[in-house]
Amino acid sequence: MKTRSVQQVTVATQVQMGKDFIYQPFPSHQLRQVDPFILLHHWGPYQFPANNDALALDSHPHRGFEPVTFIFSGEVWHRDTMGNNSIIKDGGVQWMTAGKGVLHSEMGTDEFHKKGGTLEIIQVWMNLPKRLKMTEPNYQGFQKDSIPVVNQYGGKVKIAVVSGKVDDTTGPIKSITGISAYTIYMDANSKASIPTNANKNAMLYMLDGSAIVNGKKIEQGRSAITFNNDGTEINIEASEGSKFLYLEGEELKEPVAQYGPFVMNTTEELHQAFEDFQSGKMGVLND
C-alpha cells in the first residue's frame, strides 16, 4: 500500500477557556480545520489534588455538529436534555450528535472531586453536513472494556477502535457520517500501520511521545499531523512511549458558520439557533 504524504505538522497552542488552560491545534492561524473536524481541545494531563473542582462545564447548548469526548485519564459526568446521565472513565468515549439542538453538561464526578487524580481528555467537534444538521439528537457512551483493541507489533501497539474498522475489527460507535476514530498506544521502539481511505481526510494528533510518521519526524507532543489524499496507509515508528488520536472523515466542502456553541451553514441559521435556544426549544437541563 502507498503511504499518505504528510501535509503539515501543527503544534497546539495554549488557550484559556473559563478557568481552564487547554491546548488547541485547530482552529488556529496555522490550521483552520481538517474538514469535517473543526475543533480539537486537549485538556491536560493535569494532576488534581483531593477536594478539587476539576472540569466544570455546566449546562450549555449545541446545534449542527457532534461534540465527541475521548477520556484518556480520569472520568467525565455527562448529562443532557435527552435524559442521558452517564459517567465514562479512562479509555472510554462520549459521542453526542447535537443535531437540531440539545443542552448538556460535562463535569468532573463527585468521586474525582473528592479524591483527585489525573485528568486528560480530548474533545473534537465533528461537523455535520447540511442534510443532517437538524437531525434528531443522540448520545452514545462506551467504557474502555466495550471498545475493541487491535494489537500490532507483538502487542507493543494497541489500537482501540472507537468507530470505523481496522482489519476485521469494528468499533461500537455508529457514526452517521462514516467517521473513523481510533486511540493508539505505542510502546518505545514499536511500529504501527494504520489503513486509511484515500478519498477521506485523515489526521493524527500525538498527545505525547516521539515518532516518525510516514517519514516525518515528530518530536513534540500535542502535535496535529495532517495528510495529503495520496495514499492508503499511515506508518508510525515510535522511539518512545507515545499516544495518538486518529481521525478520518469525508470532506464536506460546505460553508461553515460558527459562533459559540453552534455550527451551521449560514449566519441566518446561527441567528435561528440562538433564538430557538433562548425560547427553550432545545429543552431545559435541571440541576
Side-chain angles (χ1 to χ4, degrees), residues 1-11 25-26 30-31 33-38 40 68 70 72 91 93 95 122 124 126-127 129 147-253:
M1 289 191 289
K2 186 178 185 298
T3 57
R4 295 176 78 138
S5 57
V6 173
Q7 182 184 73
Q8 183 175 322
V9 178
T10 306
V11 178
F26 64 90
Q30 294 78 27
L31 185 62
Q33 64 172 334
V34 188
D35 190 4
F37 311 109
I38 52 180
L40 189 152
V68 177
F70 301 87
F72 289 88
V93 64
W95 192 298
I122 286 179
V124 180
M126 303 180 178
N127 203 3
I147 299 172
V149 173
V150 173
N151 291 298
Q152 293 184 356
Y153 210 73
K156 291 185 176 182
V157 174
K158 298 186 184 302
I159 304 170
V161 186
V162 176
S163 66
K165 188 174 182 180
V166 176
D167 299 331
D168 295 323
T169 301
T170 301
I173 292 289
K174 293 176 173 55
S175 167
I176 61 174
T177 57
I179 297 289
S180 294
Y182 322 138
T183 53
I184 305 166
Y185 301 83
M186 301 183 66
D187 291 347
N189 303 312
S190 64
K191 297 180 181 181
S193 178
I194 312 300
T196 78
N197 184 333
N199 296 318
K200 293 184 177 183
N201 286 345
M203 65 154 290
L204 269 177
Y205 180 74
M206 187 172 79
L207 288 79
D208 54 47
S210 179
I212 297 174
V213 178
N214 284 2
K216 180 75 172 179
K217 198 167 187 178
I218 314 296
E219 295 183 289
Q220 190 167 346
R222 304 186 179 100
S223 290
I225 304 110
T226 53
F227 301 88
N228 295 305
N229 296 58
D230 56 0
T232 57
E233 189 173 49
I234 294 173
N235 292 318
I236 310 170
E237 301 177 42
S239 55
E240 59 184 78
S242 304
K243 286 201 304 282
F244 298 87
L245 172 64
Y246 174 78
L247 300 170
E248 177 185 292
E250 184 175 351
E251 187 175 4
L252 301 184
K253 299 180 181 178

Taking all heavy atoms of [X] and all of [Y], pick out the closest pair and write down the distance.
X	Y	answer
Arg4	Gly231	CG-O, 3.1 Å
Phe37	Met126	CD2-CG, 3.8 Å
Glu240	Gly209	OE2-CA, 3.7 Å
Val34	Ala202	CG1-O, 4.4 Å
Leu40	Pro25	O-CD, 3.4 Å
Thr170	Pro148	O-CG, 3.5 Å

Quick one: does any side-chain atom of [X] pair with a main-chain N or O of [Y] as donor and acceptor, under 3.5 Å?
X	Y	answer
Ser242	Ser210	yes
Asn127	Asp35	no
Asn235	Asn214	no
Gln30	Val11	no
Ser163	Ala181	yes

- When you look at Tyr153 and Asp187, which way does the side chain to side chain contact (heavy atoms under 4.5 Å, CB included) test go after all the steps? CA-CA 10 Å; Tyr153 210 73; Asp187 291 347; over 6 Å; no

- With Asn197 via side-chain contact (heavy atoms from CB on, under 4.5 Å) - residues at least two apart: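 With neighbours one apart ignored, the set is Asn199, Lys200, Glu248.
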
Contact check, side chains of [X] and [Y], non-hydrogen atoms, under 4.5 Å:
X	Y	result
Ile218	Leu204	no
Phe244	Ile194	no
Phe70	Val124	yes
Ile179	Pro36	yes

- How far apart are the C-alpha atoms of Glu233 and Ser193, what are their side-chain angles, what is the distance that settles it, and do they pass the side-chain hydrogen bond (donor to acceptor under 3.5 Å, both in side chains) test? CA-CA 7 Å; Glu233 189 173 49; Ser193 178; 2.6 Å; yes

- Please determine, by modelled atom types, if Asp230 and Ser5 share a side-chain donor-acceptor pair under 3.5 angstrom.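 There is such a pair (donor and acceptor under 3.5 Å, judged by atom type) between the side chains of Asp230 and Ser5.
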
Got a sec: does the [atom1] of [X] have more than 12 other heavy atoms crowding it under 6.0 Å?
X	atom1	answer
Glu250	CD	no
Lys253	NZ	no
Lys243	NZ	yes

Once you round to the nearest 0.5 Å, how far does [atom1] of [X] lie from [atom2] of [Y]?
X	Y	atom1	atom2	value
Met206	Glu219	CE	CD	8.5 Å
Thr10	Tyr205	OG1	OH	11.0 Å
Asn201	Thr226	CG	OG1	9.0 Å
Asn228	Thr3	CG	OG1	11.0 Å
Leu252	Thr177	CG	OG1	7.5 Å

- Could you please spell out the steps behind the side chain to side chain contact (heavy atoms under 4.5 Å, CB included) verdict for Tyr246 and Ile236? CA-CA 12 Å; Tyr246 174 78; Ile236 310 170; over 6 Å; no

- Sort out for me which residue in Val166, Val149, Thr169, Val162 forms a side chain to side chain contact (heavy atoms under 4.5 Å, CB included) with Tyr182.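 The side chain to side chain contact (heavy atoms under 4.5 Å, CB included) with Tyr182 is passed solely by Val166 among Val166, Val149, Thr169, Val162.
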
- Assess whether side chain to side chain contact (heavy atoms under 4.5 Å, CB included) is satisfied between Gln8 and Phe227, documenting all intermediate values. CA-CA 7 Å; Gln8 183 175 322; Phe227 301 88; over 6 Å; no

- Are Asn229 and Glu251 close enough, and set up right, to give a side chain to side chain contact (heavy atoms under 4.5 Å, CB included), and what steps lead you there? CA-CA 11 Å; Asn229 296 58; Glu251 187 175 4; 5.8 Å; no

- Task: Check side-chain hydrogen bond (donor to acceptor under 3.5 Å, both in side chains) between Asn151 and all other residues, then give those that pass, not counting sequence neighbours.
- Result: Lys158

